[in-house]
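Worksheet: one structure, shown below.
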2 protein chains.
Amino acid sequence: MIENLPPNTVERLSNYRRKLLSYPFQEKPFIHSHRLAHLLKINPAHVRRDLMLIGFTGDVHKGYEIEKLIIEIGKAIDCQHKRKVAFIGIGDLGRAVAEAFNHDDSKLEVAATFRLTAEPEIQFQNVHCYNVSKMKQIIRQKKIDLAVIALPNADVDEITKLIVDAGVKGILNFTSAHLKVPETVFVENYDMMSKLEKLSYFTNE
Amino acid sequence: MIENLPPNTVERLSNYRRKLLSYPFQEKPFIHSHRLAHLLKINPAHVRRDLMLIGFTGDVHKGYEIEKLIIEIGKAIDCQHKRKVAFIGIGDLGRAVAEAFNHDDSKLEVAATFRLTAEPEIQFQNVHCYNVSKMKQIIRQKKIDLAVIALPNADVDEITKLIVDAGVKGILNFTSAHLKVPETVFVENYDMMSKLEKLSYFTNE
DNA sequence: AACTATCTGTTAACTAATTCACAATAAATT
DNA sequence: AATTTATTGTGAATTAGTTAACAGATAGTT
């Protein structure tokens, strides 16, 4: 892991990697900054700068060696160990996010899912789905430290307190609530309605 | 509509409104900038600056009158007419986003949904779900100009071309593809995996 | 009536993010 | 061998976003 990368750079590196993994690098093992930038609809200088930040250098003429680049991005942004993720709420949204995981061979692993309804405890994609009452215990036991909250906005404060107590250090929050967490916990909010209203605003001829 | 608001301000205004709508303003009709900021976990100066940008003024002691503020935010960021939105892909993710709509009385209306599988044409939450083959025709006919793409990444380029030709001016893109659109079309990308990888990076003790 | 406390509105300072622009380099071409 | 062309790596400039700071205002208090 390379320390102190800017947040947006980390996100872009993740995007570069995903894009490159689906790029035919067996046939074309090198890529230029402007080509990659074009694929991602961003500025070529951005690509070069981001790669500079992780100390990856390309060939002045051939460009960047894709296979090596994928590995170096991993060294820069992945953890050594697999991170375990809990999914809280496994309705449409929770399932959608969890499915995205399974198509992706990342260092992140769905370790447990939880839901509010008591009955019954089901399996979801080979992962056990517990009732939230067991959340604290399971998160502690399995040493889970990331969580995705994808619940209709009920009782989110209570749930947040629980999982933070149990050791969760990062939360991807799909509810429109604004979570109360200690400073040590990193929260990434995503509110679909505000994205849509933004879209509406910026497309008004 | 107030022109030239910064993108982040538009998003925050949308958040203020939603938060205020669920605030007991019948009993407490006024709110201070620091109180609203606290609820949203942001800086009070931010709230004041955003409201300044839409020309809304508060009372030096009582604060901002919530009911009026909600209306003024509407005037600032909503369109006059209802905007029609098409949902393309109505799997777990598409349904989740569409559901979020129905709990929200915004100026945005789900006008049609589309899916890849041919059979049968179903109803989803009182909205007809068509096969994508009819997309261009329906979007034109119903004068839809916003779209949410929530598909597993197949053929997204082709679909994008189709809907842009049909008149769509804004796209909320949940696929990890980077859409090829003319400059006049506004695209908002949301890639869950990169958000999660960012979370993982910034919570690595 | 003077004083205190507090909040808005706004300017200014600051920080982060993006983009420009170009030296350095080396392959390809003349 | 000289010239052209194209690309990286990076400092500098620019733009966007956030936060600090405070004048001005006014209710409440002494």
Side-chain angles (χ1 to χ4, degrees), chain A residues 2-16 20 28-66 68-69 72-73 76 178 183 186-189 194 198 201-202, chain B residues 2-16 20 28-66 68-69 72-73 76 178 183 186-189 194 198 201-202:
Chain A
I2 294 170
E3 309 267 319
N4 302 322
L5 295 174
N8 290 8
T9 292
V10 174
E11 257 181 78
R12 278 192 300 267
L13 287 169
S14 164
N15 289 334
Y16 300 159
L20 292 172
K28 303 177 187 174
F30 288 83
I31 194 168
H32 292 298
S33 62
H34 60 84
R35 179 91 187 97
L36 182 53
H38 179 80
L39 292 173
L40 293 154
K41 301 277 160 207
I42 62 173
N43 190 293
H46 235 147
V47 172
R48 296 202 296 275
R49 175 160 294 275
D50 288 335
L51 300 194
M52 186 188 87
L53 289 173
I54 65 167
F56 190 79
T57 70
D59 180 286
V60 166
H61 282 93
K62 289 190 278 186
Y64 300 100
E65 191 175 347
I66 297 173
K68 280 188 185 160
L69 176 50
E72 290 306 311
I73 291 175
H178 295 86
E183 282 197 0
F186 186 96
V187 177
E188 176 84 17
N189 290 307
S194 61
K198 179 176 162 193
Y201 177 85
F202 284 104
Chain B
I2 295 171
E3 309 266 318
N4 301 323
L5 294 174
N8 290 8
T9 292
V10 174
E11 257 182 77
R12 277 193 301 269
L13 287 168
S14 163
N15 289 334
Y16 300 159
L20 292 172
K28 303 177 186 174
F30 289 82
I31 193 166
H32 291 297
S33 62
H34 60 84
R35 177 93 187 96
L36 182 54
H38 178 80
L39 292 173
L40 293 154
K41 303 276 161 206
I42 62 172
N43 190 292
H46 237 149
V47 172
R48 296 202 295 276
R49 166 163 289 280
D50 288 336
L51 300 194
M52 185 187 87
L53 289 173
I54 64 167
F56 189 78
T57 71
D59 180 284
V60 166
H61 283 91
K62 290 190 277 185
Y64 300 100
E65 191 175 346
I66 296 173
K68 279 188 187 161
L69 177 50
E72 289 306 310
I73 291 175
H178 295 85
E183 281 197 2
F186 186 95
V187 178
E188 176 83 18
N189 289 306
S194 62
K198 179 177 164 192
Y201 176 84
F202 283 104

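If you take CG on A/Leu51 and NE2 on A/His46, they are separated by 11.0 Å, rounding to the nearest 0.5 Å.
With rounding to whole Å, B/Glu65 atom CD is found 18 Å from C/dC7 atom P. One atom, NZ of A/Lys62, and another, P of C/dA27, lie 9 Å apart when rounded to the nearest Å. Taking atom CG of A/Leu69 as the reference point, atom P of D/dT8 lies 12 Å away to the nearest angstrom. Summarising the geometry, the separation between CE on A/Met52 and C1' on D/dT7 is reported as 16 Å, rounded to the nearest angstrom. Nucleotide C/dG9 holds its P atom 11 Å from the CD1 atom of B/Ile54, rounded to whole Å. Rounded to whole angstrom, the span from the NE2 atom of A/His38 across to the C1' atom of D/dT7 amounts to 18 Å. Atoms CZ (A/Arg48) and P (C/dA24) sit 16 Å apart, rounded to a whole Å. Between the C1' atom of C/dC7 and the CG atom of B/Asn43 lies a distance of 15 Å, rounded to the nearest Å.
Heavy-atom nearest nucleotides on DNA chain D were determined for A/Gly58 and for A/His61, and the one closer to the 5' end corresponds to A/His61. Each of B/Asp59 and A/Val60 has a nearest nucleotide on DNA chain C; the 5'-most of these lies closest to B/Asp59.
Looking at heavy-atom distances under 4.0 Å, A/Pro44 makes no contact with the nucleic acid at all. When heavy atoms are screened at a 4.0 angstrom cut-off, B/Thr57 is found touching the sugar-phosphate backbone but no base atom.
Comparing D/dG9, C/dT19, D/dA20 by their nearest atom to the side chain of A/Ala45 picks out C/dT19. Minimum atom distance to the side chain of A/His34 is reached by D/dT7, of the listed D/dT7, C/dC7, C/dC20.
Within the 4.5 Å cutoff, no side-chain heavy atoms of A/Glu188 are placed close to those of B/Phe202. Residues B/Pro6 and B/Leu53 form a side-chain contact, since some pair of their non-hydrogen atoms from C-beta on lies under 4.5 Å apart. Within the 4.5 Å cutoff, the side chain of A/Pro29 has no heavy atoms near those of the A/Ile66 side chain.
When A/His38, A/Arg49, A/Arg48 are each tested for a side-chain hydrogen bond (donor to acceptor under 3.5 Å, both in side chains) with A/Ser33, only one passes: A/Arg48.
For C/dT8, the OP1/OP2 oxygens have a side-chain nitrogen or oxygen of B/His32 closer than 4.0 Å. Distances shorter than 4.0 Å separate some side-chain N or O of B/Arg12 from OP1 or OP2 on D/dT18. For the OP1/OP2 pair of C/dA16 and a distance below 4.0 Å, the side-chain nitrogens and oxygens of A/Asn8 include no atom meeting the criterion.
Contact annotation: side chain of B/Arg49 to base of C/dT10, donor-acceptor pair absent below 3.5 Å. With hydrogens and angles ignored, no donor-acceptor pair closer than 3.5 Å exists between the side chain of A/His46 and the base of C/dT18.
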